Amino acid sequence: MKKDNQIYSLLLVSVILLLMAVSSIWVQQTEINKMQHEQVIIKQCIDNATKALQTKDAELEGYLMQSLMKRGVE
């Protein structure tokens, strides 16, 4: 009877450790997914900022060309 209790105790400890491992893996995977989602958002922000800067650069270049052309005419 004592040996049966030891086996059941070991089995219970094994199940508890397995559940802890599974929950730890689940939490880690959740964090990884969250970080990947944040990376996508950051990449979109960088892409949007890059496009805005390229647009402003083109506008400034056009303004500079017009300004230089006006000075050349005068």
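Computed from a predicted model, the values in this text were never measured in an experiment.
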Can you give each donor-acceptor pair under 3.5 Å made by side-chain atoms of residues 12-22, sequence neighbours left out, with the distance rounded to 0.1 Å?
{"unit_1": "Ser14", "atom_1": "OG", "unit_2": "Leu10", "atom_2": "O", "d": "2.8"}

Would you tabulate the side-chain donor-acceptor contacts of residues 43-55 under 3.5 Å, counting partners in other chains and residues two or more places apart, or write 'none'?
{"unit_1": "Lys43", "atom_1": "NZ", "unit_2": "Asp47", "atom_2": "OD2", "d": "3.0"}
{"unit_1": "Asn48", "atom_1": "ND2", "unit_2": "Gln44", "atom_2": "O", "d": "3.3"}
{"unit_1": "Thr50", "atom_1": "OG1", "unit_2": "Ile46", "atom_2": "O", "d": "2.8"}
{"unit_1": "Thr55", "atom_1": "OG1", "unit_2": "Lys51", "atom_2": "O", "d": "2.9"}

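- The CG atom of Asp4 sits 12.5 Å away from the NZ atom of Lys2 when rounded to the nearest 0.5 Å.
- Rounding to the nearest 0.5 angstrom, the gap separating the CE atom in Met69 from the CZ atom in Arg71 is 13.5 Å.
- Listed by chain and number, the residues in a salt bridge (Lys or Arg N to Asp or Glu O under 4.0 Å) with Glu61 amount to none (sequence neighbours excluded).
- Under the side-chain contact (heavy atoms from CB on, under 4.5 Å) rule, Asn33 has a single partner from Glu31, Gln29, His37, Met35, which is Gln29.
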